[in-house]
Each structure stands twice: as C-alpha cells, then as structure tokens.
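What you are looking at is a predicted structure, and each value in this text was computed from that prediction instead of being measured.
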Amino acid sequence: MIEIKNENSVYTAFFEGRLDAPTAQKAQDEIETLLENADKEIVLDCTKLEYISSPGLRLFLRIRKEVNAKGGKVSIWNINKDVKEVFVLTGFDEFFDFHNS
C-alpha cells in the first residue's frame with residue numbers, strides 16, 4: 001500500500017507492508033503522481049515497509065530515473081535494517097540518499 005502526500009511541493013510516498021511482485025505491479029499505477037512531479041523533491045518513506053523484492057527495487061529505480069531525468073531530488077527515509085540490506089546487496093544503495101528522522 002502506498003499513500004502519497006504533497007506538502008510544500010515535497011511529494012512523500014509512504015510505503016507499507018510488502019513490496020513484492022503482486023504489490024509492485026499494483027503500485028505502478030499508484031506512483032504516477034510521483035512520476036508526474038519528478039521535477040520536485042520526492043521522499044520515499046519506508047517506515048512501515050517490511051519487505052522488498054526485485055520488482056519493488058525496480059519500482060524505486062523507475063522513480064529515481066524519472067526524477068533524475070526531470071531534475072528533481074529523491075531520497076529514502078526511515079528504512080529498516082533488513083530492507084536496507086537488500087539495497088546494499090544489490091548495489092541499489094549507490095543510487096539513493098538514505099535518511100532517518
């Protein structure tokens with residue numbers, strides 16, 4: 001599940017639960033607001049994200065590519081240790097800025 005909020009031209013996507021093959025496919029439609037506003041600051045809040053698989057990583061990479069193409073900024077906030085390890089093992093940690101609140 002993804003909830004997107006816009007506050008002061010910062011678009012925050014709150015990810016919850018699992019981001020695996022079935023949910024990543026559904027999330028493709030849900031992230032359209034982020035992709036349309038990729039010239040702004042995008043925050044991917046992973047406070048409640050419990051698991052991510054390859055399709056979920058591809059979703060994050062798609063967001064990053066669109067943001068880079070449009071001159072915006074993307075960062076990942078509040079990622080748990082297990083999910084962050086997936087980013088590290090795949091080398092995707094090189095593509096994102098990680099922050100904790």
Side-chain angles (χ1 to χ4, degrees):
M1 182 171 146
I2 303 170
E3 179 183 353
I4 298 174
K5 293 184 179 179
N6 173 15
E7 188 173 310
N8 300 323
S9 293
V10 175
Y11 286 80
T12 303
F14 297 90
F15 291 86
E16 185 174 340
R18 299 174 59 87
L19 197 50
D20 52 17
T23 56
Q25 181 65 33
K26 182 179 181 254
Q28 292 290 336
D29 295 333
E30 295 178 15
I31 65 163
E32 283 305 313
T33 300
L34 294 179
L35 300 179
E36 291 167 3
N37 293 283
D39 59 329
K40 312 266 188 321
E41 183 175 353
I42 306 289
V43 173
L44 307 175
D45 189 307
C46 297
T47 302
K48 295 182 179 181
L49 184 65
E50 300 166 1
Y51 173 83
I52 193 166
S53 66
S54 296
L57 289 171
R58 283 193 295 275
L59 182 77
F60 275 48
L61 189 58
R62 179 175 178 216
I63 294 167
R64 180 191 175 271
K65 285 182 177 181
E66 193 70 23
V67 167
N68 282 352
K70 292 185 176 178
K73 178 183 175 189
V74 64
S75 58
I76 297 176
W77 283 81
N78 304 318
I79 195 167
N80 74 41
K81 185 182 124 225
D82 293 332
V83 174
K84 173 101 184 257
E85 189 172 319
V86 175
F87 278 83
V88 172
L89 290 172
T90 59
F92 276 46
D93 62 319
E94 299 293 324
F95 302 130
F96 295 95
D97 293 324
F98 293 90
H99 304 276
N100 290 315
S101 57

In terms of heavy-atom contacts, L44 and I63 come closest through CD2-CD1, 4.1 Å
Do F15 and L59 come close enough that some side-chain heavy atom pair is under 4.5 Å?
-> yes
Looking at E32 and R62, does any basic side-chain N land under 4.0 Å from a carboxylate oxygen?
-> yes
Is atom NZ of K70 surrounded by more than 12 heavy atoms (other residues, nucleotides or ligands) closer than 6.0 Å?
-> yes
Taking all non-hydrogen atoms of both residues, which atom of P55 and which atom of A21 are closest, and how far apart?
-> CG-CA, 3.7 Å
How far does CD of E85 sit from CG of D82, to the nearest 0.5 angstrom?
-> 6.5 Å
Quick one: does D45's side chain have a donor or acceptor within less than 3.5 Å of a partner on T47's backbone?
-> yes
Pairwise side-chain contact, I76 with F87, heavy-atom cut-off 4.5 Å (strictly under) = yes
Working to the nearest 0.5 Å, report the span between CD1 of I79 and CZ of F96.
-> 9.0 Å
Is NZ or CZ of K48 both nearer than 6.0 Å to the six-membered ring centre of F14 and within 45° of the ring axis?
-> no
F60 side chain near C46 side chain, heavy-atom distance below 4.5 Å = yes
Would one find more than 12 heavy atoms of other residues, nucleotides or ligands at under 6.0 Å from atom CD of Q28?
-> yes
To the nearest 0.5 Å, atom CD of E3 lies from atom OG1 of T12 at 10.0 Å
Could you state the interatomic distance from OG (S54) to CG (L61), rounded to the nearest 0.5 Å?
-> 11.5 Å
Would you say the side-chain atoms of K84 pair up with the backbone N or O of D93, donor to acceptor, closer than 3.5 Å?
-> no
